[in-house]
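Here's the structure, in structure tokens; my notes come after.
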Amino acid sequence: MNLQAPERIANYIAGDLQAPINGKYIDNINPATGLVYSQTPDSDAKDVEEAVGAAKAAFPTWSTTPQEERFKILNRIAELIDQNLDALALAETNDNGKPLWLSKKVDIPRASSNFRFFATGLMHVSTESHSMEDKAINYTLRQPIGVVGCISPWNLPLYLFTWKLAPALAAGNCVVAKPSEVTPMTGYLLSVICREAGLPAGVLNIIHGTGPDCGAAIVAHPEIKAVSFTGSTRAGKDIAATAAPMFKKLSLELGGKNPNIIFADCDWDKMMRTTLQSSFANQGQICLCGSRVLVEESIYEKFKAEFIERARKLTVGDPLDENTRQGAVVSKMHFDKVMACIDLAKQEGGKILLGGNAVKGSGRTEKGYFIEPTIVEGLGPTCRTNMEEIFGPVVTLQSFKTEDEAMAMANTSDYGLSATIWTQDVSRANRVAAKVHSGIIWVNCWLLRDLRTPFGGFKNSGVGREGGWEAMRFFTEPKNVCIEL
Ligand code: NAD
């Protein structure tokens, strides 16, 4: 199989690769070069209608296909992702601007892991039964929902897309899915892989287009009974407003403003190394990045000096260069947003300790969207810079005196996605983990993921949980059957 990025991306509907019905396309821009390198369908409600029809037609057969056959197909998709690692990683980097080595090492391998995990998982599903002594027995059937919608963002394009598709398909649903219009190429290449893997026509339909025209039509379609969405809190609110009165099942994975809480007794080297990653990996465009760094006062100055020196050495530049640590941010629009956030930090009285500027590329990256790793101090916990998600290579530093003060600062946020805690004191680690209002807590590590564990946020970071059985359960409808003995 020779996977190649085309100049024109196609929708994948009813097993076919086809043009959008309205014939319209959006330019796909490589953020490292600032140049158009392909075109994406600008699909609308008509394409969604066709995709839903195909999914509906495929459902009776797919939902009753024996587990082992479903396993074989989904596992074959995982194998084909592995076999096409280089082509997929290059497509992801050209779409997104992240270093190619990162796409190869993390994003694409995790996409195949998602398919492998849920393919094997579906072979081991068991359901509950409840005995009422000698009166009756109840058993719970977990049936697939039918046609479900999956919508994903641009920051980890194939990884987050497959994190939804794989459990939805494994549970026996048929899917209408939309990757971000900003990074559509790996979603398209996945449709080519699905055809090769023998996924029956209509089981998965991947359509490309914008949020307002294509995404909103998926959410509003009456035949789509559940929606799994990852993206901004703003779009999550719109989606909830449409889906709630239609009584759709909803999983919303939204924004974050995560605290990275560093106590004086931490393992210094590990903390420094990891904090550099949790601050700037993927140009700070990971929902789980620790964008608020909270440091115990007694080590604050030492931390600040070393953190600045280490961040200064991060090479910003061409994502295809293996020495690059920071590639381009995803788009011109996002570049402007992050630069405006840096201006806001200055207006609010923040001191820029490092960075704060655009980086001019050279040669092929002359027109790319690069930003220096940026460190800000001197802002209180409730200012906009510390409350609003920036989603770029920008972190703030704040100091705290006591554990209680650290907790108050950490929880002064409308978001509650993740938190990291650095301490060698086991009791404190457990105490703080229980008190921080976030769905995912890392102690002395960051971004370690076991696919079996629940994943998701509190507060404005969303509702519902993905991962493992949580995801398989989300994509099924439990039905209790009570039999009187
Ligand atoms: P976005 O909300 O702009 O777009 C996400 C997806 O939703 C895209 O496919 C987009 O086309 C679509 N969309 C937008 N508006 C829509 C609407 N009204 N109806 C239906 N679909 C719509 O987000 P983004 O800029 O692509 O991604 C960045 C955001 O995603 C950040 O806020 C980040 O924190 C968040 N994120 C969260 C997680 C998590 O697991 N919690 C993971 C990654 C990213």
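Remember, it's 1-based here, ligands and their atoms both numbered in the order they're listed. In what follows, every heavy atom counts, from backbone to side chain, and hydrogens, waters and symmetry copies are set aside.
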*Would you please test W163 and F115 for ring-ring contact (aromatic ring centres under 6.0 Å, His included) and show each step?*
CA-CA 8 Å; W163 182 232; F115 266 102; over 10 Å; no

*Does a donor on one side chain sit under 3.5 Å from an acceptor on the other, for D95 and T183?*
no

*asked:* For A328, is there any backbone N or O sitting under 3.5 Å from a side-chain donor or acceptor partner on Q283?
replied: yes

If you look at each N/O of ligand 1, which protein N/O atoms lie under 3.5 Å away, and at what distance?
from     : atom 1 : to   : atom 2 : distance (Å)
ligand 1 : 2 (O)  : S232 : N      : 2.8
ligand 1 : 2 (O)  : S232 : OG     : 2.6
ligand 1 : 3 (O)  : R234 : NH2    : 3.3
ligand 1 : 9 (O)  : S152 : O      : 2.8
ligand 1 : 9 (O)  : K178 : NZ     : 3.0
ligand 1 : 11 (O) : K178 : NZ     : 2.7
ligand 1 : 11 (O) : E181 : OE1    : 2.7
ligand 1 : 11 (O) : G211 : N      : 3.2
ligand 1 : 23 (O) : S232 : N      : 3.3
ligand 1 : 25 (O) : W154 : NE1    : 2.8
ligand 1 : 26 (O) : W154 : NE1    : 3.2
ligand 1 : 30 (O) : G231 : O      : 3.3
ligand 1 : 32 (O) : E389 : OE1    : 2.6
ligand 1 : 34 (O) : E389 : OE2    : 2.5
ligand 1 : 41 (N) : L254 : N      : 3.3
ligand 1 : 41 (N) : L254 : O      : 2.7

*asked:* Check this for me: K249, atom NZ, are more than 12 non-hydrogen atoms of other residues, nucleotides or ligands nearer than 6.0 Å?
replied: yes

*Check the angle between the aromatic planes of Y188 and H208 and answer parallel, tilted or perpendicular using the 30° and 60° thresholds.*
tilted

*Can you list the residues that meet the ring pair (Phe, Tyr, Trp, His ring centres under 6.0 Å) rule with Y159, with sequence neighbours excluded?*
none

